[in-house]
Amino acid sequence: MIDFLEKWSFFGGSVLLILIGLYGVITRKNLIKIFIGLSLMDTGINVLLVSLGYVEGGIAPIITSTINNNSYNFVDPIPQALVLTSIVIGVAVLALGLGVIIKIYEKYNTLDISEIRGLRW
Amino acid sequence: MVNLILIIALPLLAAFLIPLFNYINKKLPSIVVFLTTAINLLIIILNYNQIILEPVIIELGNWQAPFAINIYVGTLELISITVISIISLIIAFYNLNHSNFSSESKFHTLYSIIIAGIYGIVMTGDIFNLFVFIEITTVAAYGLTTFNKDKGYEAAIKYIIIGSISSVFLLMAIGFTYSAVGSLNMAVIAAASNLINPGLVRIISLLFFVGIAFEAGILPLSIWVPDVHSIAPSAVSSTLSGLVFLAGITALIKIFFNLFADPSLYVFLMIIGAISLIIGELIAYQQDDIKRMLAYSSIAQMSLVLTIISVGTKYAISGGLFQLFNHAILKTLLFLTAGLMIKYAGSRNISDFGGIAKKIPLIAVGFSVGSLGILGVPFFNGFVSKIMIVNGSLNAGEYILTFLVLFATVIEMAYYLKVIQTIFFGKISINPHKIVKSYVPIIVLITVVFLLGIYPELITKPLNQATGELLSRSDYISNVLGGM
Amino acid sequence: MSLFYYTFIPIVIAFIAYFLNKKIKLSLAILNSVVFAYLFYQISRLYNQWNIPHETISYYMFDREIQLIFQLTPLSWLFIFMTTGAGLLIAIFTIKSQQEYVLRSSFHLNFAILIGSILGVVLAGDFLTLFIFWEIMTWSSFFLISSGEKKAAQKASYRYIILSTIGAYLMVTALFIIYNQIHTFGYNQVAAHLSGLPITESIILIIMLAIPFIIKAGVFPFHVWVNGAHSNAPKEFSPFLSGLMLKVGIYGVILLLYFVPLYNILKESVNYRGLPIFNYILAIFGCITVITGTILAIRQEDVKRLVAFSSISQMGYIIMALAISTPLGFTGGLLHLMNHMIFKTTIFLSIAAVIYRTKTTKMSEMGGLIFKMPVTFTAYLIAIIALAGIPPTNGFISKWVIYQALIDKGYIFLSVAAFFGSIGSFMYVFKPLSTIFLGQLKPEHENIKEVPFLMQLPMFVLMALILLFGILPGLQMNLINQISQLLNIQPVGFTLYSITGAFGKWNSLVIFSLFVGGFLLAFIIFISAKKSKQVGLMDTYTSGEYMDDPEAYHYAYQYFRPFDRVFDSFAARSLTVIYDTFAQNIVKLGNLFRKSIVTGNGQTYAFYMVLFIVILAFAGWII
């Protein structure tokens with residue numbers, strides 16, 4: 001059981017995080033809460049990516065003074081690089097989204113997404 | 001041979017220099033964008049003859065293929081970037097006179113970024129890089145959407161929500177692919193795709209589809225399209241509809257033909273495309289807002305392209321691709337002219353355009369040339385592609401698909417002709433507003449439409465070559481990986 | 001001159017002239033007349049040069065060069081001759097008649113393109129060329145109909161283009177099904193391929209190929225576009241629409257049945273009363289067309305609508321005659337085709353002249369124009385005599401041949417329908433005659449003058465043709481027999497002024513002299529008789545009731561009411577309603593999608609996304 005958890009907790013946890021975020025996005029009416037959901041999804045996917053590159057018992061892929069010759073002990077560095085990019089993009093989108101939300105609030109005086117339906121049909 | 005990476009790098013560079021130029025002269029940003037797009041076209045023309053002979057692969061940082069991010073320009077990519085460069089040049093020219101926004105330099109910055117992103121999506125040979133370029137394009141598009149102060153924010157927020165969710169799925173697909181293959185290079189993935197667990201391949205391909213199709217105009221993922229396209233300035237609408245969709249479909253083609261060539265998936269694409277096609281056309285018929293109508297028409301056209309390409313035979317693919325490029329040209333023309341008509345009439349409603357052709361004849365003619373092209377009148381470029389689509393689907397024995405495609409065209413005809421009749425033969429009922437009439441882009445686009453209609457071999461010959469390349473994955477793999 | 005240029009000269013000139021038109025008013029109409037005159041001259045010189053080699057233009061499509069073939073046969077010569085002739089007359093007519101018409105330049109542009117495309121359709125030597133020019137023809141005529149001055153023109157042209165396009169798509173589907181097997185569009189190769197297929201398959205393909213032509217010809221289940229298009233088109237285009245556009249549909253039917261000879265394939269299928277079932281159904285449809293067109297024409301209050309329905313019924317005759325596919329039927333069909341073109345163009349032109357002066361198409365708003373517009377009246381009179389099929393006009397001869405053909409084969413029902421249509425045509429052509437030209441002059445038309453000479457000229461020419469072909473049908477028969485020889489049909493015996501029918505000879509010279517004698521006699525009686533008394537137009541007996549709507553009491557209003565009453569229930573059961581309901585249901589479906597899918601709520605859109613993935617995943621993509 002512990003074994004199983006150890007192996008799948010990162011994976012399962014991150015997928016769970018994504019699903020929670022998705023649930024938030026499609027059930028909450030408040031735009032801020034929707035963006036919290038989106039942010040949760042982003043975090044979840046980042047965790048997922050890192051966990052995919054995880055190597056059992058590996059250490060961070062950083063060259064330190066005590067160089068470990070067993071290079072397979074490093075965790076895969078590429079997903080981490082990807083995650084960095086993805087975090088940056090996520091933050092940019094989040095910032096833009098929040099900025100737009102501020103504008104929307106100024107214009108519509110509400111944050112309820114179901115009331116912002118000027119464009120339809 | 002000029003390095004092709006420049007055509008991505010130049011617009012990006014321009015984008016970040018534009019705020020500086022703006023300090024020097026308010027007029028400079030638009031000129032800079034125009035120059036970069038012109039240089040891009042020049043670079044592509046210089047390289048054209050070489051790429052048509054054999055695909056060009058550029059490895060960044062001088063690393064070998066599987067390790068480095070690479071840029072792959074085969075025939076399909078070549079045609080795509082040629083069309084993109086021509087259209088972006090035309091739109092940049094249009095912007096020289098028409099960007100009367102208060103924050104002009106921001107507009108041009110975002111426009112440059114979006115162009116760079118589109119080139120990137122088309123040319124990249126690395127799936128994570130694909131993700132990055134998609135994000136660059138969409139983030140810039142979010143920004144451009146908000147330029148309309150009226151309803152732009154509303155459209156933008158919907159776009160952002162849907163875009164973020166799909167980017168999560170896309171990233172998930174990339175993560176799974178990486179964990180299964182251990183590389184992000186498309187050729188490596190393609191080579192290894194037979195070795196991966198087929199169940200996993202199907203999950204990954206579904207995630208990829210959802211992640212990219214939202215940018216390619218397939219309902220229900222692209223349900224944001226009408227909002228954004230109708231709200232954005234017409235230069236942006238035409239870019240989004242003509243070029244971003246083109247890039248999106250090209251990316252989808254790469255995923256489903258180069259990466260995971262699983263013919264059992266094509267039937268899903270075909271059904272999705274067909275349903276989306278019919279629904280898109282039916283809804284487009286209902287619209288009174290001309291840009292919304294054009295946006296739904298774009299959805300329908302993209303679905304048509306997807307559904308035809310997923311037939312998977314040589315004729316069908318080349319017909320679908322031709323339609324894709326035609327659509328890019330025609331929708332640019334349509335959105336630009338529709339934007340001018342909207343400004344002139346001061347209204348977005350088709351019923352307010354009565355008799356507009358008598359006041360601004362060339363613009364009205366441009367609009368009708370665009371519509372007739374999409375409807376496939378002989379000697380317009382749409383005719384050849386439509387014939388090729390019919391031939392391709394019949395050749396593959398897809399009779400129901402042929403019927404649906406032609407049925408959709410009849411509906412399409414119904415709503416485009418409504419507009420044409422109103423603008424040409426309707427009662428004059430407009431109070432004209434002053435507009436800057438820029439005829440050059442319209443005339444150039446009309447010329448291109450007729451050129452491709454009368455000499456389709458200009459594009460069909462390379463297209464046949466591109467189709468051949470798409471259908472031979474092993475060539476693609478060996479091209480990129482060399483002898484590995 | 002290369003055949004190819006016949007199609008492209010008008011198109012190219014039209015575009016050049018269109019841009020010139022801004023500078024010089026009317027330059028387009030004059031230029032068009034000159035161009036058509038030149039083409040007419042060139043085409044008349046082509047007569048008898050049937051062995052001009054085929055010409056090809058290569059067009060790169062798919063992955064190969066496709067040859068677009070142009071060829072000249074007696075059949076196509078007949079049509080290009082008629083097309084340019086009618087085009088020339090109408091172009092001359094428009095020089096004067098369109099001075100106040102706003103969409104003049106677009107009219108001429110589209111008209112020249114239309115002429116060029118019809119020449120292309122007729123000269124085409126393979127199905128792809130035919131299809132390409134067919135499409136251009138449809139589109140340019142669509143724009144011409146749309147440019148009508150009435151509001152309903154847009155709806156009418158809309159119906160026309162949608163119906164035509166459905167037909168064209170059926171044709172293109174059939175063509176490409178065939179193309180994928182044999183990789184060519186040539187007439188002979190397609191026919192050879194079709195005869196090798198199983199009979200049901202080839203019949204389905206033939207029907208798919210034939211439907212666009214039948215739609216264009218305005219035959220029964222597809223006649224719904226005809227009356228709207230004819231009555232709402234610009235008054236100068238209606239003559240061409242009725243005189244030639246409908247005939248191009250007939251050309252397609254002849255092409256399929258005889259030239260390509262798909263008739264030989266059809267003969268293998270189920271035969272009914274000595275006819276292949278396809279032909280029999282076509283003949284029945286033609287017969288229904290005659291009856292429907294006649295009954296509906298009699299009801300009309302609008303003169304252009306009336307003549308439009310009359311066109312429908314006349315097309316029924318031609319289709320009937322061609323469908324029974326005897327030598328006599330074929331000859332009759334072709335004769336009637338030419339003659340109908342001549343007299344229907346005359347009728348529409350004279351009506352256009354009346355509209356030009358009175359600015360109305362309602363018959364109850366006109367009257368007594370006989371002395372004001374004598375030339376127009378004479379043209380109309382002669383043309384309706386021809387339409388009703390009275391000797392010594394050309395209309396009689398062709399109808400006579402058609403009757404002979406029908407009776408000869410013993411198709412009683414068809415013959416009865418043909419007679420019914422003929423008698424009905426007396427009724428409906430008499431209505432405009434008596435209400436527009438006879439009767440009393442309306443006060444507001446006191447100052448009307450005859451139309452200018454340039455508008456009279458085409459009418460004179462056509463009148464002369466009606467009489468000429470009425471007396472000397474041999475002129476037409478000469479060409480028709482050449483066509484018959486080409487199509488392997490037994491020629492019908494003829495001399496310059498007589499035709500040999502199934503039950504004897506028709507000698508038009510004798511009949512003509514008899515009629516001239518009778519006419520002179522009647523004229524003498526008319527001159528010597530007492531003059532009629534003039535009564536005020538609105539001097540209607542109303543039993544002391546207040547007349548709030550004098551129009552309703554005009555004698556032209558509901559002229560044949562007792563007759564109409566018999567067919568009221570028939571006329572109410574309109575096919576148009578069925579088509580419209582179908583279209584409306586599609587529109588409703590679209591509205592349902594729009595309202596239920598595109599709700600405008602961003603969250604719903606996100607939900608669609610999740611739903612989409614789940615459905616796809618469980619529909620078989622993953623599981």
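To find a chain, count down the sequence lines: A is the first, B the second, and so on, and within it residues start at 1. Scope of the values below: all heavy atoms of this structure, side chains included, with no hydrogens, waters or symmetry mates.
- Within a 6.0 Å sphere centred on CG of L589(C), heavy atoms belonging to other residues, nucleotides or ligands number more than 12.
- Ranked by heavy-atom pairs under 4.5 Å with chain B, the list I161(C), V587(C), V598(C) is led by V587(C).
- Highest contact tally toward chain C, considering only V390(B), V410(B), I411(B), is held by V410(B) [criterion: heavy-atom pairs under 4.5 Å].
- For the residue pair M609(C) and S166(B), the shortest heavy atom distance occurs at CE-OG, 2.9 Å.
- When atom types are taken as modelled, the side chain of E135(C) and the backbone of P378(B) share no donor-acceptor pair closer than 3.5 angstrom.
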- Message: One pair to check against side-chain contact (heavy atoms from CB on, under 4.5 Å): N395(B) and F176(C). What are the steps and the verdict?
- Response: CA-CA 8 Å; N395(B) 190 30; F176(C) 278 93; over 6 Å; no
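- Contacts between I162(B) and chain C at a heavy-atom distance below 4.5 Å involve backbone atoms as well as side-chain atoms.
- Of the possible donor and acceptor atoms, none in the side chain of Y169(C) sits under 3.5 Å from a partner among the backbone N and O of F407(B).
- Looking at Y415(B), only its backbone comes within 4.5 Å of chain C, counting heavy atoms on both sides.
- For Y455(B), the OH atom is loosely surrounded, since the number of other residues' heavy atoms within 6.0 Å does not exceed 12.
- The two residues G590(C) and Q286(B) make their nearest non-hydrogen contact at C-NE2, 3.5 Å.
- Here I586(C) is the residue among I586(C), L170(C), I166(C) with the most heavy-atom pairs under 4.5 Å with chain B.
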- Could you please spell out the steps behind the side-chain contact (heavy atoms from CB on, under 4.5 Å) verdict for F425(B) and S157(C)? CA-CA 12 Å; F425(B) 307 116; S157(C) 56; over 6 Å; no
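- Taking chain C as the reference chain and counting heavy-atom pairs below 4.5 Å, the highest number among I271(B), L265(B), L458(B) is found for L265(B).
- Proximity to chain C (any heavy atom under 4.5 Å) is restricted, for L269(B), to the side chain, taken from C-beta onward.
- Under the rule for a side chain to side chain donor-acceptor pair (under 3.5 Å), S318(B) has no partner lying at least two apart in sequence or in another chain.
- Between atom CZ of residue F424(B) and atom OG of residue S146(C) there is a gap of 10.5 Å, rounded to the nearest 0.5 Å.
- With a 4.5 Å cut-off on non-hydrogen atoms, L206(B) touches chain C through its backbone and its side chain both.
- Within the 4.5 angstrom heavy-atom criterion, atoms from both the backbone and the side chain of K461(B) approach chain C.
- Across F268(B) and L616(C), no two heavy atoms sit closer than the pair CD2-CD2, 4.3 Å.
- For L372(B), the part lying under 4.5 angstrom from a heavy atom of chain C is the side chain only.
- Contacts with chain C were tallied for V210(B), T460(B), T402(B), I387(B); I387(B) has the most, counting heavy-atom pairs under 4.5 Å.
- There is no contact between S264(B) and chain C, counting heavy-atom distances below 4.5 Å.
- In terms of the side chain to side chain donor-acceptor pair (under 3.5 Å) criterion, residue partners of S276(B) (sequence neighbours excluded) are, by chain and number, S303(B).
- Note: L375(B) leads L375(B), T467(B), D262(B) in heavy-atom pairs under 4.5 Å with chain C.
- For the atom pair Q154(C) CD and T422(B) OG1, the distance stands at 6.0 Å (nearest 0.5 Å).
- Between chain C and the residues L463(B), L207(B), T409(B), the most heavy-atom pairs under 4.5 angstrom are made by T409(B).
- For the options T165(C), N591(C), I597(C), I162(C), heavy-atom pairs under 4.5 Å to chain B are most numerous at N591(C).
- Among F131(C), F143(C), W139(C), F142(C), the residue with the largest count of heavy-atom pairs under 4.5 Å with chain B is W139(C).
- Environment of NZ in K358(B): crowded, with over 12 heavy atoms of neighbouring residues, nucleotides or ligands closer than 6.0 Å.
- When each of I161(B), I223(B), I165(B) is tested with Y605(C) by the rule side-chain contact (heavy atoms from CB on, under 4.5 Å), just one qualifies, namely I223(B).
- With a 4.5 Å cut-off on non-hydrogen atoms, S106(C) touches chain B through its side chain but not through its backbone.
- If you take CD on Q181(C) and CG on L394(B), they are separated by 10.5 Å, rounding to the nearest 0.5 Å.
- Only the side chain of Y296(B) comes within contact range of chain C, with at least one heavy atom under 4.5 Å from a heavy atom of that chain.
- Of the atoms belonging to S393(B), not a single heavy atom falls under 4.5 Å from chain C.
- Looking at A583(C), there are no atoms closer than 4.5 Å to chain B (heavy atoms on both sides), in backbone or side chain.
- Atom OH in Y315(B) sits 7.5 Å away from atom CG in N180(C) (nearest 0.5 Å).
- The side-chain heavy atoms of I132(C) and F383(B), taken from C-beta on, include a pair separated by under 4.5 Å.
- Expressed to the nearest 0.5 Å, how far CD1 of I279(B) lies from CZ of F593(C) amounts to 4.5 Å.
- Of the possible donor and acceptor atoms, none in the side chain of K418(B) sits under 3.5 Å from a partner among the backbone N and O of Y158(C).
- With a 4.5 Å cut-off on non-hydrogen atoms, Y399(B) touches chain C through its side chain but not through its backbone.
- With respect to chain C, the highest number of heavy-atom pairs below 4.5 Å among Q287(B), M413(B), K386(B) belongs to M413(B).
- Open room surrounds CZ on F607(C); 12 or fewer heavy atoms of other groups in view lie less than 6.0 Å from it.
- Once rounded to the nearest 0.5 Å, the distance linking CG of N391(B) with CG of L175(C) reads 11.0 Å.
- Counting non-hydrogen atoms of other residues, nucleotides and ligands closer than 6.0 Å to NZ of K595(C) gives a total above 12.
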- Task: List the steps and the verdict of side-chain contact (heavy atoms from CB on, under 4.5 Å) for Y59(C) and V384(B).
- Result: CA-CA 10 Å; Y59(C) 194 47; V384(B) 186; 3.5 Å; yes
